[in-house]
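Note that ligands are numbered from 1 as they come in the structure, with each ligand's atoms numbered from 1 the same way.
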Amino acid sequence: MRNSNSRSEVTPNPYEMAVAQFNSVSDRLGLDEGMRRLLSMPKREITANFPVRMDDGSTQVFTGYRVQHNLARGPAKGGIRYHPTVTLDDMRALAMLMTWKTAVADIPYGGAKGGVIVDPKALTDRELENLTRRYATEISILIGLEGDIPAPDMGTDDRIMAWIMDTVSMHRGYSVPGVVTGKPISVGGTAGRMEATGRGLLYIVQEATAYRGLSGDGLTVAIQGFGNVGAVAARLLHRASYKVVAVTDVSGGVYNNRGLNPDALLQHKRPAGQLLGAPFGDSLTNEELLALPVDILIPAAVGGQIIARNASTIRAKIIVEGANGPTSPEADAILEDNGIFVVPDILANAGGVIVSYFEWVQDLQSFFWEEDEVNERLHRVITRAFRDVVHMAERDRCSLRQSALLLGIRRVVEAIGVRGIYP
Ligand code: GLU
C-alpha cells in the first residue's frame, strides 16, 4: 500500500484533516470562537519516552502517547495503536474522532486515543509484554475505570489488553477489569467484542444498501484491509450473501468477479503472512481495489487512503468507512460530486466502541450477557445512529459525514453547555 509505511507528501496530516472536518460544520452550528478553540484541541496529552529491556539484554527507548480530546459526556474512550507510523498528530485526530463517534452512537463517553511508535511484529512476545506493561504504567496517570478506558486498535489485541488490565490491577492491589475493553472473556471481556467492528459494518451495509435501493443477494463488495476489521467484515458479509469480490492487505490482494471465500483467504494468509499471491483469482494492488466497479467499497486499513489523487477513480456506489480517517476532505468533495454515498467512519465503524461500552457496563455490574444479547443491542444502537444521521442529512440536505459531525458535535456542545464552565 503506497502510503502505509511513510507519510508521503500526498497523505494529508490527520490532525489538520480532523480540524478541517470540524470547521466544516462549526459555522452551521453557529459555534462561538471559544467553543471552536476548545473543541479543535485535545484536553490533555501525554508523551512518554520509556525504556524496554529487549531479549538480547539491550535497552531500547520507545515513544508512546495518550491523548484525551474531550470528557464532557463521560470517561474518555478510545483504542491504543501500535504502529511504526504513529505520530502525536495521529493521536490528536483519532481522539477527536472518538469524541464524535461516541456522541453519534449516543453512548456516555468522551474521546481518547493512544499509541506507541513500534512495529509489534518485530518484537518477541516477551518484548511486547515488557513494552505494554511499561507503556501502561507511563499512561496510568490518565487511564482508569472512570476516567479513560483504552481498547484495541491497529496492532493491538485482546492479549495486550489483558496485560494492561493486569498492570493497572497490580498497581491498585485488586482486579480492575473495567479499565480496558476488548479483553479476553476469561478476565472480564464480553462475548461479541472481537467481531464487533466488523459486525457493525455488516449492519451498516445492510442499512445503507436498503436506503439506496440496492437489494438482493450478490451485491458486490471490495474490502481494503484484512485485519480484525476487514477480515471479520468479509466473513460476515459473505455469510449474509454479499459477494466479496476483492480484498487486499498491505501487500496487495486478490480479485475474482465470481466471489471469494474469506475463510479460504484467511487460511492462506495465516501461514503465508500476506494475501498477495492467494490462488483464488487475479492479483491486484490497493489502488486497483479502490477503483473497482463494485456496489460497496469498504476501506478498512490505515487512514489517508482515499485522497484527491485517486478519489475520481472510485466507481463504487457506496463507501462504508471501516478505517478511521480513510478519506481526505478534498477526496470527500470529489466523492460527493460524483454521487457516491459515503457512510463516514464515526458512524460506520462505531460497532467496536459500542460493544466496548457493553463490556464496560458488564464489568461494572460483574454480570455478563450472552452473545445474542450483545449483538442484538449492537444492532439496535448502530441502526438507530444510522437512521438519526440519515434523517438529519435529509433535513439539512447534506452528506452523511456532515450530518454525523453535526449530530455528534451538537451533543458534545450541549453537554458542555449544561455543565457550564468551572469555576
Ligand atoms: N479502536 C476502536 C475505534 O477506533 C475501538 C475503540 C474502543 O472500543 O474504545 O473505534
Side-chain angles (χ1 to χ4, degrees), residues 14 18 65-71 73-83 86 90-116 139 142-158 160-161 164-165 177-183 188-190 192-201 204 225 227-230 232-233 298-303 320-326 343-363 374 377-378 381-382 385 404 408:
Y65 309 101
R66 184 71 182 171
V67 174
Q68 296 179 345
H69 174 255
N70 187 276
L71 290 86
R73 301 183 74 256
K77 188 83 190 80
I80 287 174
R81 183 171 281 201
Y82 286 179
H83 199 271
V86 160
D90 267 330
M91 301 297 105
R92 290 172 170 153
L94 293 164
M96 187 188 286
L97 287 185
M98 287 308 300
T99 303
W100 314 146
K101 194 186 297 187
T102 54
V104 169
D106 209 6
I107 53 178
Y109 284 140
K113 205 76 171 196
V116 179
I139 64 168
L142 280 192
I143 62 173
L145 174 69
E146 291 169 327
D148 181 351
I149 306 134
D153 197 85
M154 274 171 48
T156 58
D157 57 15
D158 56 337
I160 288 173
M161 296 306 115
I164 295 177
M165 175 266 189
V179 69
V180 286
T181 58
K183 300 175 294 292
T190 180
R193 176 61 184 89
M194 289 267 245
E195 291 200 328
T197 310
R199 183 171 291 281
L201 288 172
I204 289 287
N228 182 46
V229 179
V232 172
I298 304 183
V302 287
V320 174
E321 293 184 342
N324 287 315
V343 187
D345 46 8
I346 57 172
L347 170 61
N349 70 33
V353 74
I354 292 169
V355 176
S356 275
Y357 169 54
F358 299 156
E359 178 173 334
W360 181 72
V361 166
Q362 292 169 76
D363 288 337
V374 172
R377 284 181 185 271
L378 166 61
V381 173
I382 205 163

Would you say E195's side chain and V232's backbone share a donor-acceptor pair under 3.5 angstrom? no
To the nearest 0.5 Å, what is the distance between CZ (R92) and CD (Q68)? 14.0 Å
To the nearest 0.5 angstrom, please state how far the CD1 atom of I139 sits from the CG atom of D148. 7.0 Å
Going by ring pair (Phe, Tyr, Trp, His ring centres under 6.0 Å), name the residues that satisfy it together with Y82, two or more places apart in sequence or in a different chain. none
Any Lys/Arg nitrogen of R81 or D90 sitting under 4.0 Å from an Asp/Glu carboxylate oxygen of the other? no
Is there a donor-acceptor contact under 3.5 Å from the side chain of E321 to the main chain of N349? no
Could you pull out the N/O contacts under 3.5 angstrom between ligand 1 and the surrounding protein atoms?
residue: ligand 1; atom: 1 (N); partner: P152; partner atom: O; Å: 2.9
residue: ligand 1; atom: 1 (N); partner: D153; partner atom: OD1; Å: 2.8
residue: ligand 1; atom: 4 (O); partner: K101; partner atom: NZ; Å: 3.2
residue: ligand 1; atom: 4 (O); partner: K113; partner atom: NZ; Å: 3.0
residue: ligand 1; atom: 4 (O); partner: D153; partner atom: OD1; Å: 3.4
residue: ligand 1; atom: 4 (O); partner: N324; partner atom: ND2; Å: 3.0
residue: ligand 1; atom: 8 (O); partner: R193; partner atom: NH2; Å: 3.2
residue: ligand 1; atom: 8 (O); partner: S356; partner atom: OG; Å: 2.6
residue: ligand 1; atom: 9 (O); partner: K77; partner atom: NZ; Å: 2.8
residue: ligand 1; atom: 10 (O); partner: K101; partner atom: NZ; Å: 2.7

